[in-house]
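Here is the structure we will look at, set down as structure tokens.
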There are 2 protein chains.
Amino acid sequence: MKRSRVTLADVAALARVDRAVVSRVVNKDATLNIRPETRERVLAAVEQLGYRPNVAARSLRTARAHMFGIFVPDFANPVYAEIIKGAEAEAAAQGYVLVTGSATGAGLGGYMDRLGQGRVDGLLLAGAGGESGLVEQLDRAGIPWIMLNHRSRSVRRSVVLDDERAAALAVEHLARLGHRRIGHLAGPAGADTATRRSAGYSAAMRDAGLPEGPIVAADYTPAGGAAAMATMLAAAEPPTAVFVANVASAIGAMEAVRKAGLEIPREISIVAVHDLDLASYLFPALTTVRMPLAELGRRGVTLLGRLQPDEAVAEVLDGPIDLIQRRSTAPPPTP
Amino acid sequence: MKRSRVTLADVAALARVDRAVVSRVVNKDATLNIRPETRERVLAAVEQLGYRPNVAARSLRTARAHMFGIFVPDFANPVYAEIIKGAEAEAAAQGYVLVTGSATGAGLGGYMDRLGQGRVDGLLLAGAGGESGLVEQLDRAGIPWIMLNHRSRSVRRSVVLDDERAAALAVEHLARLGHRRIGHLAGPAGADTATRRSAGYSAAMRDAGLPEGPIVAADYTPAGGAAAMATMLAAAEPPTAVFVANVASAIGAMEAVRKAGLEIPREISIVAVHDLDLASYLFPALTTVRMPLAELGRRGVTLLGRLQPDEAVAEVLDGPIDLIQRRSTAPPPTP
DNA sequence: CTGAAAGCGCTTACAG
DNA sequence: CTGAAAGCGCTTACAG
């Protein structure tokens with residue numbers, strides 16, 4: 001386990017060429033004219049000594065780290081796990097490596113401090129809200145950044161998913177089953193995804209010629225979803241189906257329905273956004289809308305590698321969005 | 001969003017001191033004797049210019065990257081998400097940053113290639129098996145490494161959890177409820193955790209004076225768990241309780257029980273290892289054994305920072321292991 | 001108490 | 001077609 005301290009100079013000496021030649025061979029410099037046998041000698045020396053370029057020296061020289069950072073609220077949230085998976089796959093394809101940080105570690109501020117200068121060539125932020133001062137803090141650090149799943153005037157660079165279409169898909173599914181009273185268990189006011197899903201719900205209800213409501217907001221947690229669903233069920237005319245903005249809320253909502261003595265889907269249908277693995281483990285298995293989360297991560301990395309330093313971007317990712325029907329939705333009860 | 005290209009020299013010029021002084025002030029060099037007003041001037045210049053040390057230059061000079069790598073099979077697996085959380089928290093406390101890689105990206109080989117030389121000061125591997133050549137590959141790269149959750153003769157550095165104790169806790173819980181026929185839905189033969197959990201099951205059964213079996217192995221997936229449980233239920237005298245080595249298997253096992261027309265926990269009790277969030281979302285909520293996964297990640301990072309290059313370690317983490325009782329276990333049916 | 005200088009390992013524009 | 005040289009930004013042993 002001893003540190004291999006093989007440098008370019010060692011390889012050059014063994015291959016009897018200059019370090020510059022080794023560098024260009026290793027980096028596959030196309031402008032290098034070299035005799036095949038010389039190249040072979042260099043490659044053999046690299047192999048024999050087990051030479052691996054020192055990334056610090058290379059980064060210092062080229063001012064490129066070949067790393068991207070990605071910051072998420074929580075690794076244990078499967079939504080962000082999917083985004084990271086996509087980001088890592090694309091980074092790997094580009095020969096980049098990912099430096100991950102989460103709010104459960106030491107927060108974004110601590111993360112950026114530890115990043116220092118020049119550690120990453122760009123930073124992806126998922127699940128950040130419109131925290132005041134955030135954009136300024138990012139800009140001051142001088143690191144190109146892109147925000148995922150959140151857009152607003154102050155955010156110059158963002159990629160989001162088509163949450164409105166996801167909501168429409170859910171509502172259309174319920175309407176097609178024959179539901180007329182379709183409620184909406186919305187997300188928290190602060191979350192940008194929640195706003196877009198609610199807008200999509202309203203638009204889809206209008207398109208279907210259905211009256212909106214009831215609408216109750218909750219944070220993206222089971223406890224929040226349970227409380228909101230209890231409120232909804234207490235209404236004079238409770239809905240026969242509910243579009244829930246988030247799987248975590250839906251878990252609580254299902255619990256609340258069960259507590260109220262109602263049966264899913266016979267008496268009430270539920271559909272939620274994000275087709276996480278656990279949706280199929282719930283009872284009954286939850287009908288969901290699948291969004292291209294990994295694709296969002298991929299796209300973020302692609303743009304980070306491509307964008308000019310001052311280029312703005314506000315993209316709605318054009319990926320596949322599908323309704324995954326399971327056992328939590330069915331036609332409404334006949335009165 | 002322009003790149004801040006402020007260097008030590010800029011700060012030194014503004015503060016009218018040498019770069020060396022700035023360096024030592026920034027790094028809080030205790031041996032530096034400096035007049036308070038000079039230090040103030042330096043700090044003010046740092047602040048005014050927004051100076052952040054260039055990590056590539058620092059790494060090149062000191063031969064320390066202040067980064068650790070962590071490689072897992074899959075970010076979306078909540079077991080590894082927990083380990084990463086712990087590792088990140090400890091890394092942050094040390095001023096380190098984490099470079100994550102997963103098998104869904106480009107595999108360990110690709111990850112290590114992209115890491116190059118000197119990018120990380122150490123590497124944590126979680127969920128790796130006893131792949132042949134793995135240890136050699138790691139050693140050749142010259143990066144200190146520690147394997148998490150896997151130990152064997154060839155692995156010189158490992159930290160594992162006390163899987164035997166976890167198994168014992170589960171078996172004791174079932175025995176205390178009055179079960180006599182306690183089956184074991186084991187993990188795959190290749191998995192080291194599975195071996196230790198099975199050993200713990202056998203020892204605990206012996207201690208309880210109970211006959212072993214039935215024992216059926218499955219991989220750590222719902223499908224595998226379902227098939228194994230179906231086999232177990234088809235036995236002449238099926239068990240009244242089952243200790244399942246893994247939550248994913250348990251999900252499938254519960255499904256199989258339901259398909260067989262049996263009720264949990266009235267007719268059969270189930271307890272599984274790892275207290276993941278989703279355990280409480282299952283129906284019925286799953287009784288589990290909680291293992292200190294985050295602590296495992298923390299400990300790995302701590303050791304990585306502390307161990308001598310050639311020091312070996314084979315540690316069984318001494319963290320809290322608890323039985324979390326939910327609704328999937330109860331006394332056996334009275335015949 | 002503070003500064004000058006060397007050098008970490010690489011890349012690249014340039015000279016021959 | 002190949003080599004010599006400068007320099008990226010920092011740290012640290014040493015000189016004054």
Side-chain angles (χ1 to χ4, degrees), chain A residues 3-43 45-46 49-67 95 115-119 121 142, chain B residues 3-43 45-46 49-67 95 115-119 121 142:
Chain A
R3 201 110 195 174
S4 68
R5 298 254 113 252
V6 181
T7 70
L8 266 191
D10 300 319
V11 178
L14 182 60
R16 301 189 310 281
V17 297
D18 190 83
R19 286 146 60 217
V21 175
V22 179
S23 172
R24 282 138 110 186
V25 167
V26 167
N27 292 312
K28 302 187 174 59
D29 180 345
T31 72
L32 171 66
N33 273 0
I34 188 176
R35 273 200 304 274
E37 62 252 42
T38 311
R39 160 172 277 125
E40 277 316 312
R41 232 173 40 236
V42 171
L43 261 15
V46 164
L49 297 175
Y51 170 72
R52 311 172 74 217
N54 180 302
V55 294
R58 177 179 281 178
S59 293
L60 178 57
R61 185 57 232 241
T62 62
R64 310 229 77 213
H66 287 272
M67 295 209 270
L115 246 30
Q117 179 183 133
R119 176 105 64 182
D121 299 322
Chain B
R3 201 108 195 175
S4 68
R5 298 253 113 253
V6 180
T7 71
L8 267 191
D10 300 320
V11 178
L14 182 60
R16 299 189 311 280
V17 297
D18 189 83
R19 287 145 61 218
V21 175
V22 179
S23 171
R24 282 138 108 186
V25 167
V26 167
N27 293 314
K28 302 186 174 58
D29 180 345
T31 72
L32 172 67
N33 272 1
I34 189 176
R35 274 200 301 274
E37 61 251 43
T38 311
R39 160 173 275 126
E40 278 316 312
R41 234 176 36 237
V42 170
L43 260 16
V46 164
L49 297 175
Y51 170 71
R52 313 172 73 216
N54 181 301
V55 293
R58 177 180 282 177
S59 294
L60 178 57
R61 184 57 231 240
T62 63
R64 311 228 78 213
H66 287 272
M67 295 208 270
L115 246 32
Q117 177 183 134
R119 175 105 64 183
D121 300 323

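To find a chain, count down the sequence lines: A is the first, B the second, and so on, and within it residues start at 1.
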For nucleotides 2-4 of chain D, which of its nitrogen or oxygen atoms have a protein nitrogen or oxygen under 3.5 Å away, and what is each distance?
residue: D:dT2; atom: OP2; partner: A:Asn33; partner atom: O; Å: 3.3
residue: D:dG3; atom: OP2; partner: A:Asp18; partner atom: N; Å: 3.0
residue: D:dG3; atom: O6; partner: A:Arg24; partner atom: NH1; Å: 3.1
residue: D:dA4; atom: OP2; partner: A:Asp18; partner atom: OD1; Å: 3.2

What's the [atom1]-[atom2] distance between [X] and [N], to the nearest Å?
| X | N | atom1 | atom2 | answer |
| --- | --- | --- | --- | --- |
| A:Leu60 | C:dC10 | CG | P | 12 Å |
| B:Asn54 | D:dG7 | CG | P | 18 Å |
| A:Lys28 | C:dC10 | NZ | C1' | 17 Å |
| A:Leu8 | D:dA5 | CG | P | 17 Å |
| B:Arg39 | C:dC1 | CZ | P | 12 Å |
| B:Arg61 | C:dA5 | CZ | P | 16 Å |
| B:Arg19 | C:dG7 | CZ | P | 15 Å |

Within the 4.5 Å heavy-atom criterion, are [X] and [Y] side-chain neighbours or not?
| X | Y | result |
| --- | --- | --- |
| B:Val25 | B:Leu43 | yes |
| A:Asp10 | A:Thr7 | yes |
| B:His66 | B:Val55 | no |

Roughly how far apart are [X] [atom1] and [Y] [atom2], rounded to 0.5 Å?
| X | Y | atom1 | atom2 | answer |
| --- | --- | --- | --- | --- |
| B:Arg24 | B:Arg39 | CZ | CZ | 11.5 Å |
| A:Asn54 | B:Leu60 | CG | CG | 6.0 Å |
| A:Thr38 | A:Asn33 | OG1 | CG | 11.5 Å |
| B:Arg41 | B:Arg35 | CZ | CZ | 7.5 Å |

_Stem finding on DNA chain D, please: runs of three or more consecutive Watson-Crick or G-U wobble pairs, both distances under 3.5 Å, sorted by first number._
C:1-3 with D:14-16, C:5-12 with D:5-12, C:14-16 with D:1-3
_When you measure from the side chain of B:Thr62 to the backbone of B:Arg58, do you find a donor-acceptor pair of N or O atoms at a distance under 3.5 Å?_
yes
*Taking only the side-chain nitrogens and oxygens of A:Ser23, find out if one of them lies under 4.0 Å from OP1 or OP2 of C:dT11.*
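So the side chain of A:Ser23 is within the cut-off, an N or O lying under 4.0 Å from OP1 or OP2 of C:dT11.
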*Identify, with sequence neighbours excluded, every residue that meets side chain to side chain donor-acceptor pair (under 3.5 Å) alongside A:Asp18.*
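None.
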*When all nucleic acid strands are considered with a 4.0 Å heavy-atom cut-off, which category describes B:Arg58: base, sugar-phosphate, or nothing?*
sugar-phosphate
*With heavy atoms under 4.0 Å as the rule, sort A:Asn27 into base, sugar-phosphate or nothing.*
sugar-phosphate
